[in-house]
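All remarks here apply to the structure that follows.
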Amino acid sequence: KTARWTMSKIERDFYDTATMKIEEYAYDRDLNERFLLAQSQRLLASSLASAYRHWGERSGYLTLDEEDEGTPSKLAGPLVAALGEVCDDRAVLAALEASDTKFERLSEWLGTIRKQDPEQKVIIFSSFRRTIDYLATRLAREGHAVMQLHGGIKVDRQETIAHFADAPGGTILLTSE
């Protein structure tokens, strides 16, 4: 069953701004905007806050670690650099995280499952590591036991699966696999 949710104003504004930035980027370079929108909008749909943080940090426009201010850890591609121009405000990131309607809907759903069957384990899939990391942090803050499984995790895949199988009821596995 697909859970529906409605974006808040700040979420809708960011979604529309990022979409327009991608379309502008494509138009300026005579590229097919639909091709560029496909992957970018998948990240937006996965988590607006994660997309904002990812594009802002990768481009160097949004620095969250004062020690590394102004020096992105990896060189951004030209589209990410363009998106970083609209992902440069810590206050907007904080607002996106505070009014994350998709996360609120997920949290409500998990609460319902927990009430119906506290021993039920849950597996949540995402194509994006950034979204998985974001959800892990948010869910842990809410008191959920969370495990992650994706290519960036150093623990052996089978070991993680075995730990999840042995984990107590209510544990959530966030995975891209």
Side-chain angles (χ1 to χ4, degrees), residues 1-111 124-142 144 146 148 150-152 172 174-176:
K1 182 178 176 182
T2 300
R4 306 247 182 245
W5 81 101
T6 303
M7 286 190 242
S8 66
K9 180 175 179 349
I10 191 160
E11 289 173 317
R12 172 51 67 188
D13 289 348
F14 171 56
Y15 183 90
D16 291 344
T17 299
T19 298
M20 285 188 289
K21 192 68 168 176
I22 295 163
E23 290 170 338
E24 175 185 295
Y25 178 90
Y27 180 78
D28 290 347
R29 289 159 181 79
D30 195 28
L31 300 170
N32 183 327
E33 76 274 4
R34 289 187 179 139
F35 176 76
L36 292 179
L37 284 169
Q39 185 73 357
S40 302
Q41 286 188 319
R42 283 184 60 228
L43 179 55
L44 285 166
S46 177
S47 170
L48 291 157
S50 292
Y52 192 98
R53 179 182 292 270
H54 173 68
W55 293 328
E57 286 179 338
R58 285 289 307 276
S59 67
Y61 283 97
L62 178 69
T63 55
L64 300 172
D65 181 3
E66 274 68 10
E67 292 177 16
D68 297 323
E69 198 158 2
T71 56
S73 59
K74 296 179 183 177
L75 293 177
L79 178 57
V80 171
L83 286 163
E85 294 173 11
V86 297
C87 300
D88 62 347
D89 188 335
R90 290 180 190 203
V92 172
L93 175 60
L96 284 168
E97 291 175 346
S99 68
D100 186 341
T101 56
K102 189 171 185 181
F103 180 81
E104 288 170 11
R105 182 71 179 100
L106 173 63
S107 184
E108 289 169 9
W109 179 75
L110 289 170
I124 298 172
F125 292 91
S126 174
S127 298
F128 301 98
R129 291 181 192 175
R130 284 294 202 139
T131 298
I132 290 171
D133 292 341
Y134 172 74
L135 289 175
T137 300
R138 294 286 308 262
L139 291 168
R141 250 190 256 147
E142 288 194 351
H144 294 280
V146 179
Q148 296 183 56
H150 58 71
I172 299 168
L174 301 168
T175 184
S176 63

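For the pair Phe103/Glu142, a side-chain contact is recorded, criterion being any heavy-atom separation below 4.5 Å from C-beta on. Proximity of Leu83 to Ile22: side-chain heavy atoms (C-beta onward) are separated by under 4.5 Å at one or more points. Residues Leu79 and Trp55 form no side-chain contact, since every pair of their non-hydrogen atoms from C-beta on lies 4.5 Å or further apart. Tyr15 places a side-chain heavy atom less than 4.5 Å from the side chain of Met7. Put simply, the side chain of Val92 does not reach to within 4.5 Å of the side chain of Phe14, judged on heavy atoms.
Of the possible polar contacts, one joining the His150 side chain to the Gly152 backbone as a donor-acceptor pair under 3.5 Å is found. Distance alone, capped at 3.5 Å, is enough to place a donor-acceptor pair between the Tyr52 side chain and the Asp89 backbone. In this structure, the side chain of Lys21 does not engage the main chain of Gly84 through any donor-acceptor pair within 3.5 Å.
Minimum interatomic distance between Ala140 and Val146 (heavy atoms only, all atoms of both residues): N-CG2, 4.1 Å. The minimum heavy-atom distance linking Gln148 with Ala136 is given by the pair NE2-CB, 3.4 Å. Summarising the geometry of Ile10 relative to Ser99, their closest heavy-atom pair is CG2-OG, 3.2 Å, with the distance given to 0.1 Å. Nearest heavy atom pair, residue Asp100 against residue Glu11, reads CA-OE2, 3.3 Å. Considering all non-hydrogen atoms of both residues, Thr131 and Ser126 come closest at CB-OG, 3.5 Å.
In this structure, CD in Gln39 is found 10.5 Å from CG in Leu44, a value given to the nearest 0.5 Å. Note that the CG atom of Leu135 and the CZ atom of Arg130 stand 13.0 Å from one another [nearest 0.5 Å]. Rounding to the nearest 0.5 Å gives a distance of 12.5 Å between CD of Glu24 and CD of Glu33. Taking CG of Leu93 as the reference point, atom CG of Leu48 lies at 11.5 Å (rounded to 0.5 Å). Summarising the geometry, atom OG belonging to Ser47 is positioned 11.0 Å from atom CG belonging to Asp133; distances are rounded to the nearest 0.5 Å. Here the CG atom belonging to Leu139 is positioned 5.0 Å from the CD1 atom belonging to Ile172, to the nearest 0.5 angstrom.
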Checking side-chain contact (heavy atoms from CB on, under 4.5 Å) for the pair Leu36/Glu23: CA distance, chi angles, key distance, verdict? CA-CA 8 Å; Leu36 292 179; Glu23 290 170 338; over 6 Å; no
Using salt bridge (charged side-chain N to carboxylate O under 4.0 Å, His left out), reason through Glu97 and Arg138 one step at a time and then give a plain yes or no. CA-CA 9 Å; Glu97 291 175 346; Arg138 294 286 308 262; over 6 Å; no
Quick one, Arg42 with Phe128, criterion side-chain contact (heavy atoms from CB on, under 4.5 Å). Give me CA distance, side-chain angles, the key distance, then yes/no. CA-CA 9 Å; Arg42 283 184 60 228; Phe128 301 98; 3.8 Å; yes
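Counting heavy-atom neighbours within 6.0 Å of Arg34 CZ, excluding the residue itself, gives a total of 12 or less.
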